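Okay, structure first, notes after.
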Amino acid sequence: GKKSGKKDKKEKGKKGKKGKKGKGDDVEDEGFKMSESKFFGTMKEATDQYDTVWKTREESLNFSQKHDVELIREEKRKEVEEEVRIQVDELMRQELQNLKMAVDKDKGKKGKKKSGKKKGKKGKKGKKSGKKKGKKEKDLTPDRSIESLYEELVEQGIIVRSPKVSMAEFIGEFNYLGSELKARNLEPQLSLHDVRRMVTEYCILPMGSQKVHELAPTVKSVLLAGPEGVGKRHLVNIVCSEIGGNLFDLTATNIAGKYPGKSGLAMLLHMVMKVGRALQPSILFIGDAEKTFAKKVPKTDTTDPKRLKKDLPKAMKNWKAEDRLLLVGTTSKPLDCDTKGLCGLYQKIVLIARPDYASRHLALRHLVEKHGGNITNALDISSLAKTADGFTIGQLDSVIKTVLTDRRLSQMSKRPITAAELLPALATKELVYQQDEDNFKEFFKKTPLGKKRAKAMKGDDDDGGKGKGKKGKGGGKGKKGKKK
């Protein structure tokens, strides 16, 4: 009887283990699931409204688009119902208050005294809890208007006028070989088209619309990292133009010698935040962002690049959810600083790599036409794009601008431009080597997002290894059985 009981327990244990394994397999098969978007409810509401109101409505005869009396009545009924409900609720509250007072009179004054003592204690607790809350930001300029503060910041060169450029002028092609590289377990680099999409999602859409800013995940700061000439500052100007915002230049070289001392820096940040909030949306720009967290500042550098290191993050903590303020930094040497501090200040990091063949081909055609040239069969753009591997869009723009002078443009009809004319000017530029690009990839691995990505990739590899290990163990058992 005991042996049979033990066998039953073992069988139950085995079944339980099998059941657990089955559950684990089901969880693994589910994979990654996207969380529901906050915009889904608004879209569903608009779709339902279309289905119920406009889908079955015949509007072919309503050429003059006259108003619909019944639709207006339905909307007004809801408004009247809400107004009447508020009035009825108010009357009900007054009646309830009168009934309570009548009941209290019958009970006597004892209940009133006890409730008064309790209320006093609660009031004291409320005061204590109020002290624990964070202090409000002090207004250092209560007597000054926004116009006077704006004027001072413009005179000091803190508020800068950005040139009007659109996102269409940031040229970049989609990386069509990305899926092929992923199939071979190779990580494709971000194309300029991907960079344009990320900047649009992180900066332009939330800052351009208050509704999107409230619903979308809050992004307070973005760092644009890439070699010189890839278009980092150009993207900052694009963001300002697209959202119609103000640009506050807080680069170390720009604020050097202005508002000296701790009190001066506090006043500068206060003015920037006050004007930025009053005239939303606003962009706070820091060029050479790595210098703010530099490990060693050269003695020859008199700009005090670490000036904003402590005070700027503190000021950003006071930003509210409804404030359309965004900090944008640019860096071309991210490994020359404390990467932990840099990643702590900037919430999102966008890597801008050197352009690939497709982007170079597209950019060359656009830039030649932009500077007044004509695209003919004499200009072999395909070979020129292949030769220009390693050069940035900014360098290509500079080369074409120097070659296509007014005199050369006047001869364009008789002597079309060729690729051979652009090569000597291109040879004078310093290209971006593969080693430089690897440095940026190494920096991205040290960022929180890069670490999460590496962990996820490692997890996928481990899952593949575990599957193989299980098969191996099964094979081992089979071999032992054969020996017996």
Side-chain angles (χ1 to χ4, degrees), residues 37-39 42-43 146-147 149-151 153-154 156-172 190 192-226 230-251 254-255 268-287 289 308 312-313 315-331 345-352 393-394:
S37 173
K38 290 182 180 179
F39 297 92
T42 310
M43 293 173 69
I146 297 296
E147 288 78 7
L149 294 174
Y150 189 92
E151 186 180 353
L153 290 172
V154 170
Q156 293 291 333
I158 305 299
I159 294 180
V160 185
R161 179 183 288 179
S162 61
K164 289 186 178 181
V165 282
S166 64
M167 184 56 86
E169 294 181 40
F170 187 79
I171 311 149
L190 282 175
L192 297 181
H193 184 275
D194 297 325
V195 171
R196 186 167 58 187
R197 178 182 56 81
M198 291 168 74
V199 171
T200 303
E201 290 176 2
Y202 291 153
C203 306
I204 295 174
L205 289 176
M207 294 292 289
S209 169
Q210 184 66 36
K211 190 71 176 176
V212 176
H213 184 74
E214 290 172 2
L215 292 174
T218 54
V219 178
K220 292 184 178 181
S221 52
V222 176
L223 179 68
L224 304 176
V230 291
K232 299 185 291 295
R233 181 59 198 264
H234 187 54
L235 279 171
V236 176
N237 293 332
I238 286 169
V239 172
C240 286
S241 299
E242 293 287 355
I243 67 174
N246 299 295
L247 181 61
F248 297 84
D249 191 355
L250 298 178
T251 308
N254 189 45
I255 63 172
L268 171 63
L269 289 174
H270 166 73
M271 290 169 67
V272 168
M273 301 304 170
K274 188 174 180 179
V275 175
R277 282 196 185 98
L279 305 173
Q280 298 180 34
S282 298
I283 302 292
L284 279 63
F285 169 67
I286 298 179
L308 296 171
L312 184 59
M316 288 176 65
K317 285 180 181 178
N318 294 323
W319 290 4
K320 297 176 183 176
E322 61 269 16
D323 293 337
R324 282 190 290 163
L325 301 173
L326 181 69
L327 174 67
V328 181
T330 59
T331 177
L345 179 61
Y346 293 97
Q347 194 177 345
K348 299 289 183 182
I349 296 172
V350 180
L351 281 184
I352 309 174
I393 303 293

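Note that the structure is a prediction, hence the values are computed from the model and not measured. Position 1 is the first residue of the sequence, and the numbers go up from there.
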- Side-chain donor or acceptor of S241 paired with backbone N/O of S162 under 3.5 Å: no
- Query: Do T200 side-chain atoms and R196 backbone N/O form a donor-acceptor pair below 3.5 Å?
  - Reply: yes
- Please assess L327 against L345 for the test side chain to side chain contact (heavy atoms under 4.5 Å, CB included), listing each intermediate value before the final yes or no. CA-CA 9 Å; L327 174 67; L345 179 61; 4.1 Å; yes
- Task: Evaluate the side-chain proximity of K232 to V230: yes if any heavy-atom separation is below 4.5 Å, no if none is.
- Result: yes
- Message: Taking R233's backbone N and O only, do any of them form a donor-acceptor pair with T330's side chain (distance below 3.5 Å, no angle check)?
- Response: no
- Query: Can you name the nearest heavy-atom pair linking K220 to M316, along with the distance?
  - Reply: NZ-O, 3.5 Å
- Message: Minimum heavy-atom separation for L351 and L190, please, with both atom names.
- Response: O-CD1, 3.8 Å
- Task: Please check if the side chain of D323 supplies one atom and the backbone of K320 the other of a donor-acceptor pair under 3.5 Å.
- Result: yes
- To the nearest 0.5 Å, tell me how far E214 CD sits from K38 NZ. 10.5 Å
- Task: Return the minimal non-hydrogen interatomic distance between R277 and N318, and the atom names on each side.
- Result: NH2-O, 3.2 Å
- Checking side chain to side chain contact (heavy atoms under 4.5 Å, CB included) for the pair L149/K274: CA distance, chi angles, key distance, verdict? CA-CA 9 Å; L149 294 174; K274 188 174 180 179; 3.7 Å; yes
- Among V160, I283, L268, V275, which residue meets the side chain to side chain contact (heavy atoms under 4.5 Å, CB included) test with F248? V275
- Item | Value rounded to 0.5 Å, distance of CG in L312 from OG in S221 | 9.0 Å
- Task: Decide yes or no for I158 and M271: does some side-chain heavy atom of the first lie under 4.5 Å from some side-chain heavy atom of the second?
- Result: no
- Item | Reported CZ-to-CE distance for the pair R197 and M167, which is rounded to 0.5 angstrom | 11.5 Å
- Task: Enter the distance from I204:CD1 to L326:CG here, rounded to the nearest 0.5 Å.
- Result: 10.5 Å
- Query: Does some side-chain heavy atom of L235 sit less than 4.5 Å from a side-chain heavy atom of V195?
  - Reply: yes
- Note on the structure: Smallest heavy-atom separation, Y202 atom then V222 atom, equals CB-CG2, 4.2 Å
- Non-hydrogen atoms of V328 and Y346 that approach each other most closely: C-CE2, 4.4 Å
- Can you check whether V165's main-chain N or O pairs, donor with acceptor, with N237's side chain at less than 3.5 Å? no
- Enter the distance from Q210:CD to H213:NE2 here, rounded to the nearest 0.5 Å. 6.0 Å
- Message: Looking at D249 and N254, would you say the former's side chain and the latter's main chain have a donor-acceptor pair under 3.5 Å?
- Response: no
- Between the main-chain N or O of T218 and the side-chain N or O of Q347, is there a donor-acceptor pair closer than 3.5 Å? yes
- Item | Minimal non-hydrogen separation, L192 against I393, with atom names | CD1-CG1, 4.1 Å
- Task: Can you measure from SG (C240) to CE (M207) and round to the nearest 0.5 angstrom?
- Result: 8.5 Å
